Structures are given as C-alpha cells and as structure tokens.
Number of protein chains: 2
Amino acid sequence: MDINAESSRAGLKIGQLAQATTCNIETIRYYERAGLLPLPPRSQGGYRIYELEHVKRLNFIRRSRDLGFSLEEVRALLRLVDARGRSCNEARALAAQHLTDVRAKITDLKSMERVLRTMIARCKDGNLPDCPLIEALFRESCLRSGDLAP
Amino acid sequence: MDINAESSRAGLKIGQLAQATTCNIETIRYYERAGLLPLPPRSQGGYRIYELEHVKRLNFIRRSRDLGFSLEEVRALLRLVDARGRSCNEARALAAQHLTDVRAKITDLKSMERVLRTMIARCKDGNLPDCPLIEALFRESCLRSGDLAP
DNA sequence: TATAAACCCTGTAGTAACTACAGAGTCAAG
DNA sequence: CTTGACTCTGTAGTTACTACAGGGTTTATA
C-alpha cells in the first residue's frame with residue numbers, strides 16, 4: 001500500500017512542477033530569480049525539490065497572470081498573501097485598479113476594431129485606383145486617445 | 001516675400017520631424033535602423049535632413065501603430081505602398097487578419113473583466129475571514145482560452 | 001569674436017516577461 | 001557502463017521602444 005509514498009514524500013522536480021502547473025520550466029526559474037517563488041531546497045545533485053506549497057503559489061501566479069496582472073502586481077498580491085492580516089482592502093484596491101486598466105484597454109481595442117472594420121469595408125467595395133485602406137493610413141488621424149497599451 | 005523659403009527648401013532636422021509627427025526622436029532613429037524609414041540625406045555636419053515624403057511615411061507608420069499593427073505588419077504594409085500595383089487584396093488580407101487578432105484580444109479582455117468584476121464584488125460584501133479575492137486566485141481555474149495576448 | 005545654449009550624432013544598455021540556447025553535470029534503466 | 005532523459009548555470013534573444021554617455025555642430029547672444 002501507499003504505492004507512490006516515496007515520490008510524494010520526495011517532492012517534485014522542476015519538470016514535474018512544470019507539468020503540474022502547465023508552466024514552462026524556464027519560466028519557473030525566471031519567477032524564482034524574480035523573487036516570486038521562494039528558493040526551494042535542493043537534492044544532493046543540486047536539483048530543485050518542490051512541495052505542494054510551491055504548486056499552490058505557482059498556480060496563484062499563473063492565474064493572476066492569466067487575468068492580466070503584471071508581475072509587479074502579482075508581487076504585491078503575494079505580499080498580501082504572505083502578510084496575513086486584513087488584506088481585503090488592499091487586494092480589492094489592486095484588483096479594482098487593474099479592472100480599470102482592463103476596461104480602458106477594451107475601449108482602446110474597440111476603437112481600433114471600428115476603424116479597421118470601416119477601412120476594410122471601404123477597401124472591399126469597388127476597384128478604386130489606389131487602395132483606400134492604405135490611403136486611409138496616410139490620411140487619417142486615428143485614435144490617439146489613451147495610449148494605454150504598452 | 002517667401003519668408004520661410006529657406007527653411008522649407010532646406011528640409012527638416014530630426015527634432016522638427018519629431019514635432020511634426022509627435023514622434024520621439026529616438027523612435028525615428030529606431031525606425032530608420034529597423035528599415036521602416038529610408039536613410040535620409042545628411043547636412044555637412046552630419047545631421048539628418050528630412051523632406052515631406054518622410055513626414056508622410058512616418059505618419060503612416062504612427063497611424064498603423066496606433067491601430068495596433070506590429071512593426072512587422074507595418075513593414076508588410078509599407079512594401080505594398082512601395083510596390084505600386086494592385087495592393088488592395090493584400091492590404092485587405094493584412095488588415096483582416098489584424099482585425100481578427102484585435103477581436104480575439106477584446107474577447108480575452110472581456111473575460112478578464114468579468115472575472116475581476118466578480119472577484120471584487122465577492123470581496124466587497126461581508127467581512128469574511130480570508131480575502132475571497134485572494135482565495136479565488138488560489139482556487140479558480142481562470143480563463144486559459146486563447147492566450148492571445150503576447 | 002567668443003562662448004554658451006540648444007541641438008544633433010553614435011553606440012550601448014535598459015524596460016517586461018519570458019524563451020532559447022550552450023555547455024556542463026546528474027540520474028535511472030538496460 | 002553507457003545511453004538517454006533530465007537538470008544545472010549563465011547568457012542572449014524577443015518587441016518596440018526609451019534613456020543615457022560622451023562626443024560634435026549650430027546658433028544666438030554678450
């Protein structure tokens with residue numbers, strides 16, 4: 001009984017952690033260098049050995065990244081995780097700011113979408129002498145609204 | 001008469017081009033290195049001298065960038081500009097592909113928006129023991145849809 | 001005419017968030 | 001005992017710029 005006791009006691013090597021979190025190996029080492037993942041203990045041969053806690057933390061990072069948080073924002077969130085206390089207000093503030101940014105990006109992209117759609121439509125109807133799409137890029141003073149996208 | 005004849009005959013220095021196009025000086029030199037702007041003639045002292053054609057081309061680049069085209073895409077568009085001919089089909093194809101990408105990004109961002117909104121709302125109501133926003137980041141398998149954002 | 005301010009030059013290095021090696025060491029199976 | 005799969009460190013590449021350092025040039029003014 002307890003067939004995989006050995007392996008679960010021994011922890012995960014980096015490749016196994018990568019598989020468990022669908023995260024690139026190089027990315028894991030990068031997060032470690034960036035101070036987001038704590039330095040794990042090493043085997044005799046110098047291999048990193050990870051435990052369940054690392055899996056959780058890495059999943060936290062990946063999910064935050066999936067939601068578009070920057071690494072700097074993830075760092076801030078992790079500080080709240082580490083400093084147990086009434087982190088709710090700060091976490092909410094971080095997320096609210098990020099939500100604002102996301103909405104601004106959506107607005108910007110919608111403007112682009114509209115302009116592109118119009119240009120393509122103008123290009124489609126008629127075999128005009130010069131490509132109206134290209135002419136539009138020469139002439140049109142496009143958006144210049146938020147310049148939020150980095 | 002013809003008060004500013006001298007300056008208009010002489011062309012623009014890089015700072016004037018930058019002002020005319022609201023484009024950073026360093027960015028102009030960068031576009032030159034990247035092969036998007038042709039090498040301009042130089043003054044005796046080695047200063048770049050730009051003409052109207054450069055202004056137009058740089059505006060074209062800036063407008064394309066404002067619409068979210070990558071520099072590689074801008075390069076392709078400029079090839080169509082340079083190779084006069086029936087560029088309409090190709091230009092439309094480029095723009096259509098880009099439009100598809102933009103729409104995918106909008107979709108992704110809308111998902112983020114929804115998840116963030118939900119998280120923040122959950123965090124707002126009630127003084128729960130652990131921050132539900134942070135718990136959600138630990139638990140939730142977020143989006144993992146397109147992974148389009150680079 | 002001298003000189004200071006304002007401009008321009010090249011070349012390099014920095015940013016975000018990874019990704020991709022090279023060249024070496026470690027470990028498990030046959 | 002050797003092959004292959006894995007891991008290690010360190011460095012360099014990516015995108016689209018931006019920011020210097022350390023010089024040269026022009027122009028306006030004293």
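These numbers were taken from a predicted model, which means no experiment stands behind them.
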Chemist: Nearest to the side chain of A:R48, which nucleotide is it out of C:dC18, C:dC9, D:dT9?
Modeler: D:dT9
Chemist: Whole angstroms only, please: what is the CG-P distance between A:N24 and D:dT14?
Modeler: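 Whole-Å distance recorded here is 18 Å.
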Chemist: Taking the basic N atoms (NZ, or NE/NH1/NH2) and the acidic carboxylate oxygens, is any pair closer than 4.0 Å for B:K110 and B:E113?
Modeler: no
Chemist: How far does CG of B:L52 sit from CZ of B:R57, to the nearest 0.5 angstrom?
Modeler: 13.5 Å
Chemist: Treating primed atoms plus P, OP1 and OP2 as sugar-phosphate and everything else as base, which nucleotides of nucleotides 25-30 of chain C get B, S or - for protein heavy atoms under 4.0 Å?
Modeler: BBS---
Chemist: Would you say B:R65 places a side-chain N or O within less than 4.0 Å of OP1 or OP2 belonging to D:dC17?
Modeler: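 Yes, such a contact exists.
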Chemist: Going by side-chain contact (heavy atoms from CB on, under 4.5 Å), A:N24 matches just one of A:T21, A:T27, A:T22. Which one?
Modeler: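 Of the listed options, the one satisfying the test is A:T27.
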Chemist: How far does CD1 of B:I28 sit from CG of B:L17, to the nearest 0.5 angstrom?
Modeler: 4.0 Å
Chemist: How close or far is atom C1' of D:dT15 from atom CZ of B:F69, stated in whole angstroms?
Modeler: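 Value for this atom pair: 17 Å.
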Chemist: Compare the minimum distances between each of C:dC9, D:dT18, C:dA20 and the side chain of B:R42, then state the nucleotide with the smallest one.
Modeler: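 Of the candidates, C:dC9 comes closest.
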Chemist: Whole-Å distance between D:dC6 P and A:I28 CD1?
Modeler: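 Going from CD1 in A:I28 over to P in D:dC6 covers 14 Å.
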Chemist: Separation of A:E73 atom CD from C:dA16 atom C1', in whole Å?
Modeler: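 A:E73 atom CD is separated from C:dA16 atom C1' by 12 Å.
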Chemist: Does B:Y31 make a side-chain N or O approach to OP1 or OP2 of D:dC17 shorter than 4.0 Å?
Modeler: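 So the side chain of B:Y31 is within the cut-off, an N or O lying under 4.0 Å from OP1 or OP2 of D:dC17.
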Chemist: Looking only at atom types and distance, does a side-chain atom of A:E73 sit under 3.5 Å from a main-chain N or O of A:S70, one as donor and one as acceptor?
Modeler: yes
Chemist: Tell me which nucleotide among C:dC18, D:dT7, D:dT18 gets nearest to the side chain of A:I25.
Modeler: D:dT7
Chemist: Compare the minimum distances between each of D:dT7, C:dA20, D:dA16 and the side chain of A:I14, then state the nucleotide with the smallest one.
Modeler: D:dT7
Chemist: In whole angstrom, what separates A:R33's CZ from C:dA16's P?
Modeler: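 It works out to 14 Å between those atoms.
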Chemist: What is the distance, to the nearest angstrom, from the CG atom on A:L39 to the P atom on D:dC8?
Modeler: 12 Å
Chemist: Counting any heavy atom closer than 4.0 Å, what does B:R29 reach on the DNA or RNA strands: base, sugar-phosphate only, or nothing?
Modeler: base
Chemist: Hey, does the side chain of B:R75 reach the backbone of B:A34 with a donor-acceptor pair shorter than 3.5 angstrom?
Modeler: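 Here the side-chain-to-backbone pair exists.
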Chemist: Between D:dT18 atom P and B:E32 atom CD, what is the distance in whole Å?
Modeler: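 The answer, rounded to whole Å, is 16 Å.
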Chemist: For DNA chain C, whose closest nucleotide is more 5', that of B:G15 or that of B:E26?
Modeler: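 Taking each residue's closest nucleotide, the earlier one in sequence belongs to B:G15.
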Chemist: Without decimals, in angstroms, what is the distance between A:D66 CG and C:dA17 P?
Modeler: 14 Å
Chemist: Is the shortest side-chain N to carboxylate O distance from B:E32 to B:R48 below 4.0 Å?
Modeler: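 Salt bridge flag = yes for B:R48 with B:E32.
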Chemist: Going by atom types only, do A:R62 and A:N59 share a side-chain donor-acceptor pair under 3.5 Å?
Modeler: no
Chemist: Are any of the side-chain heavy atoms of A:Y31 and A:L58 separated by less than 4.5 Å?
Modeler: yes
Chemist: If the helix axis at each end comes from five base pairs, how far does the helix from C:dT1-D:dA30 to C:dG30-D:dC1 deviate from straight, to 10°?
Modeler: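 Helix axis angle between the two ends: 30°.
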Chemist: Is it true that B:E26 and B:R29 make a salt bridge, defined as a side-chain N closer than 4.0 Å to a carboxylate O?
Modeler: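 Here B:E26 pairs with B:R29 in a salt bridge, since their nearest N and O are under 4.0 Å apart.
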Chemist: Any side-chain N or O of A:S70 less than 4.0 Å from the OP1 or OP2 oxygen of C:dA16?
Modeler: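 So the side chain of A:S70 is outside the cut-off, no N or O lying under 4.0 Å from OP1 or OP2 of C:dA16.
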